[in-house]
Amino acid sequence: MSALLGLDRPAAAPLRLRTDRGGCLPLHVDRWFGPPSVAELDLLGRAVPDVLDLGCGPGRHTIALMASGVPALGVDLSPRAVLAARARGARVLRASVFDRLPNEGSWGTALLLDGNVGIGGDPRALFGRIRALLRPGGRVLVELDAPGDATERMRVALEIGDRRSAWFAWARVSVDGVERPATDAGLRVVEIWTAEGRWFGGLDR
């Protein structure tokens with residue numbers, strides 16, 4: 001999600017992710033630019049090397065993994081986010097998850113945190129693409145919406161103050177809704193947990 005900003009620091013103006021149905025989705029900008037929380041460090045401890053951090057933004061997870069000796073590569077489309085992450089010492093590639101990436105089929109873990117399960121607006125297609133990036137036995141560590149929340153595809157636009165981006169495809173996936181797109185993509189839901197008011201899942205290839 002932080003890839004949407006195209007910024008190297010939190011914006012002063014309010015940030016909103018406007019849906020085509022008139023609502024807004026929360027954006028946690030301060031979190032993206034801060035250090036990993038205790039819950040995030042616990043999640044990173046479950047990662048199997050080597051790790052792809054998809055939609056890495058300013059790179060806090062990539063940096064934390066590298067600092068602990070885990071080989072990791074951040075992937076982000078935003079040039080400013082990539083520059084910010086590299087300036088902080090992260091190894092980052094400017095690309096989309098749907099582009100050709102290094103070492104396809106050999107990654108141990110892919111991260112989809114901070115709402116990045118919404119990338120592309122089609123969770124099944126996203127999970128299928130990630131499955132192709134992982135080695136047999138690899139895993140996806142994904143942040144999900146809470147049980148009872150909607151799993152849905154939509155179009156959204158990023159609003160910064162009185163400016164709005166172009167509309168683009170996005171998705172939300174809840175704990176209740178992750179199993180079907182994961183299974184359809186050849187992944188198995190092996191773990192669901194909650195910490196710090198957030199929900200996470202482990203999906204294995």
Side-chain angles (χ1 to χ4, degrees), residues 1-17 25-104 106-120 126-127 129-130 132-134 138-144 156-160 163 165-166 168 170-171 196 198 200:
M1 179 73 74
S2 55
L4 303 178
L5 290 177
L7 301 173
D8 56 6
R9 63 183 182 277
L15 294 166
R16 298 174 296 272
L17 195 64
L25 302 180
L27 298 175
H28 302 286
V29 180
D30 290 341
R31 179 194 298 165
W32 303 339
F33 289 86
S37 70
V38 171
E40 290 172 331
L41 291 173
D42 173 74
L43 178 143
L44 296 179
R46 304 169 191 237
V48 178
D50 292 3
V51 180
L52 271 177
D53 182 5
L54 300 171
C56 68
R60 74 185 189 281
H61 300 123
T62 305
I63 292 165
L65 287 164
M66 293 172 61
S68 66
V70 176
L73 174 67
V75 177
D76 203 296
L77 269 175
S78 164
R80 291 187 181 178
V82 168
L83 287 174
R86 288 175 178 168
R88 299 169 71 187
R91 179 172 166 249
V92 180
L93 177 68
R94 185 187 173 197
S96 163
V97 62
F98 296 103
D99 293 336
R100 181 73 181 175
L101 297 178
N103 304 319
E104 295 201 6
S106 66
W107 293 94
T109 302
L111 304 181
L112 281 176
L113 305 177
D114 298 323
N116 285 322
V117 70
I119 290 172
L126 179 61
F127 287 153
R129 171 58 180 145
I130 292 173
L133 295 170
L134 297 173
R139 63 176 42 182
V140 186
L141 294 174
V142 57
E143 186 167 359
L144 302 164
V156 298
L158 181 69
E159 295 181 344
I160 305 176
R163 293 179 293 146
S165 74
F168 55 95
W170 200 249
E196 297 176 351
R198 298 162 69 185
F200 305 98

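Only heavy atoms go into these numbers, but all of them, side chains included; no hydrogens, no water, no symmetry mates.
Sequence neighbours left out, not one pair with a member in residues 86-99 passes side-chain hydrogen bond (donor to acceptor under 3.5 Å, both in side chains).
Under the side-chain contact (heavy atoms from CB on, under 4.5 Å) test applied with Leu54, the options Val75, Val140, Leu113 reduce to a single match, Val75.
Under the side-chain hydrogen bond (donor to acceptor under 3.5 Å, both in side chains) criterion, Thr109 pairs with no residue at all, not counting sequence neighbours. Residues satisfying the side chain to side chain contact (heavy atoms under 4.5 Å, CB included) criterion with Leu93, sequence neighbours excluded, are Leu73, Ala95, Leu101, Pro102. Every residue two or more places apart in sequence or in another chain was checked for a side-chain hydrogen bond (donor to acceptor under 3.5 Å, both in side chains) with Ser165, and none qualifies. For Arg163, there are no side-chain hydrogen bond (donor to acceptor under 3.5 Å, both in side chains) partners at least two apart in sequence or on another chain.
Counting heavy atoms from C-beta on, the side chains of Val97 and Ile119 come closer than 4.5 Å. Side-chain atoms of Leu44 and Leu111, non-hydrogen and from C-beta on, do get closer than 4.5 Å to each other. At least one side-chain heavy atom of Leu112 sits under 4.5 Å from a side-chain heavy atom of Leu126. Counting heavy atoms from C-beta on, the side chains of Leu52 and Leu133 come closer than 4.5 Å. Side-chain contact check for Leu141 versus Val51: every heavy-atom pair is 4.5 Å or farther apart. With a 4.5 Å cut-off on side-chain heavy atoms, Asp114 and Glu143 count as touching. Val156 has its side chain within reach of Phe168: a pair of non-hydrogen atoms, C-beta onward, lies under 4.5 Å apart.
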Going by atom type alone, with no hydrogens or angles, which donor-acceptor pairs under 3.5 Å involve a side-chain atom of residues 34-43 and a protein atom two or more places apart or on another chain?
residue	atom	partner	partner atom	Å
Ser37	OG	Ala39	N	3.4
Ser37	OG	Glu40	N	3.2
Ser37	OG	Glu196	OE1	2.8
Glu40	OE1	Ser37	N	2.8
Glu40	OE1	Arg60	NE	3.4
Glu40	OE2	Arg60	NH2	2.5
Glu40	OE2	His61	NE2	3.4
Glu40	OE2	Arg198	NH1	3.1
Glu40	OE2	Arg198	NH2	3.2
Asp42	OD2	Arg46	NE	3.2
Asp42	OD2	Arg46	NH2	2.9

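Although no hydrogens or angles enter the test, the distance criterion places a donor-acceptor pair under 3.5 Å between the side chain of Asp76 and the main chain of Gly57.
Once rounded to the nearest 0.5 Å, the distance linking CG of Leu158 with CG of Leu25 reads 11.0 Å.
Residues Ala85 and Val92 approach most closely at CB-CG2, 3.5 Å, considering heavy atoms.
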